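Just below is one structure, and these are the notes that go with it.
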Amino acid sequence: METHATTILAVRKDGLVALAGDGQVTMGQTMIMKHAAQKVRRLHDGKILAGFAGATADAFTLFELFEAKLKEVRGHMVRAAVEMTKDWRKDKYLRKLEAMLLLADSEHILVLSGTGDVIEPDDNVAAIGSGGPYALAAARALSRHSDLDAETIARESMRIAAEICVYTNDHVTLETL
């Protein structure tokens, strides 16, 4: 699935998790519609961080579905992610949703897609969206070669992505656990 017009990044380091998202909303390839969108939120009484890339209405549908699955499995993020992704892939309506989710709790970072992917990164860094590869590269370098904490790494990596990706801006929403 191609995702455009956003950057969402999760970083875990030294027991701290940071999830950051830019604020730009782009229509097509030529117009910025909004500079300060909120693409990152807290779920399950603030214990889980979630960000989305893709169509906004589709992402809200996925947030609602994921929150319902979280309630079913009493807040176990990995189980909820697997169960939701099964439904996402099987259901005719849900299969057409064009969005991805990046989730983090105190133990895991997960990338979810409508093709059935539930991916946990090997190196405690993950990113989605058109600026994701830039933020991911920056975060990996900063994580491996500095003493910066997860929040600082996420903020600086988002700044770097905003300097490179035309679909990413420097109005960052950042949440930590």
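Computed from a prediction, not measured in an experiment: that's the story for all the values here.
Heavy-atom minimum distance, Gly51 versus Ile128: O-CD1, 4.2 Å. Closest heavy-atom contact between Ala99 and Ala55: CB-O, 4.1 Å. The heavy-atom pair separating Ala161 from Gly131 by the smallest distance is CB-O, 3.9 Å.
Side-chain contact between Val78 and Leu110 is present, with heavy atoms from C-beta onward closer than 4.5 Å. Proximity of His76 to Val73: side-chain heavy atoms (C-beta onward) are separated by under 4.5 Å at one or more points. Proximity of Leu49 to Arg42: side-chain heavy atoms (C-beta onward) are separated by under 4.5 Å at one or more points. Proximity of Gln29 to Tyr167: side-chain heavy atoms (C-beta onward) are separated by under 4.5 Å at one or more points. Looking at Ser157 and Leu142, their side chains come closer than 4.5 Å, going by heavy atoms from C-beta outward. By the 4.5 Å heavy-atom criterion applied to side chains, Met84 and Leu70 are not counted as neighbours. Residues Ile153 and Lys13 meet the side-chain proximity criterion, which asks for heavy atoms closer than 4.5 Å. At least one side-chain heavy atom of Met158 sits less than 4.5 Å from a side-chain heavy atom of Leu9.
Between the CD1 atom of Ile109 and the CD1 atom of Ile119 there is a distance of 13.0 Å, given to the nearest 0.5 Å. One finds the CG atom of Leu177 at 7.5 Å from the CG atom of Asp105 (value rounded to the nearest 0.5 Å). Of the inter-residue distances, the one linking His44 atom NE2 with Phe66 atom CZ reads 9.5 Å to the nearest 0.5 angstrom. Note that CZ of Phe63 is 6.5 Å distant from CG of Leu43, once rounded to the nearest 0.5 Å. One finds the NE2 atom of His171 at 6.0 Å from the OG1 atom of Thr173 (value rounded to the nearest 0.5 Å). Atom CZ of Arg159 sits about 12.5 Å away from atom CG of Asn169, to the nearest 0.5 Å.
Follow the hydrophobic side-chain contacts under 4.5 Å out from Val125 and you never reach Leu103; the two are in separate clusters. Val11 is not connected to Tyr134 by any chain of hydrophobic side-chain contacts under 4.5 Å among Ile, Leu, Val, Met, Phe, Trp and Tyr, and they are in different clusters. Side-chain heavy atoms closer than 4.5 Å link hydrophobic residues (I, L, V, M, F, W, Y) into clusters, and following such links, even through other members, never connects Val172 to Leu16. Cluster membership for Leu136 and Ile164, using ILVMFWY side-chain heavy atoms within less than 4.5 angstrom, is not shared. No continuous path of hydrophobic side-chain contacts links Leu19 to Leu174 [ILVMFWY only; heavy atoms under 4.5 Å].
Between Arg155 and Glu151 there is a salt bridge, with a side-chain nitrogen of the basic residue lying less than 4.0 Å from a carboxylate oxygen of the acidic one. A salt bridge links Asp22 to Lys39: one of the charged nitrogens lies within less than 4.0 Å of a carboxylate oxygen. Salt bridge present: Arg140 and Asp123 bring a charged side-chain N and a carboxylate O closer than 4.0 Å. No salt bridge links Asp58 with Lys96; every basic N to acidic carboxylate O contact stays at or beyond 4.0 Å.
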- Decide side chain to side chain contact (heavy atoms under 4.5 Å, CB included) for Leu102 and Phe52; before the verdict, give the C-alpha distance in whole Å, the side-chain angles of both, and the deciding distance to 0.1 Å. CA-CA 6 Å; Leu102 182 54; Phe52 73 88; over 6 Å; no
- Message: Using the rule given for side chain to side chain contact (heavy atoms under 4.5 Å, CB included), can you reason through Met77 versus His108, listing the C-alpha separation, both sets of side-chain angles and the distance that settles it, and then say yes or no?
- Response: CA-CA 8 Å; Met77 185 181 79; His108 305 278; 3.6 Å; yes
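In this structure, Arg12 contributes its side chain and Val17 its backbone to no donor-acceptor pair below 3.5 Å.
Looking at Ile32, Val166, Thr7 one by one, the single match for side-chain contact (heavy atoms from CB on, under 4.5 Å) with Gln24 turns out to be Ile32. The side-chain contact (heavy atoms from CB on, under 4.5 Å) with Met100 is formed by just one residue from the set Thr6, Val111, Leu62; it is Val111.
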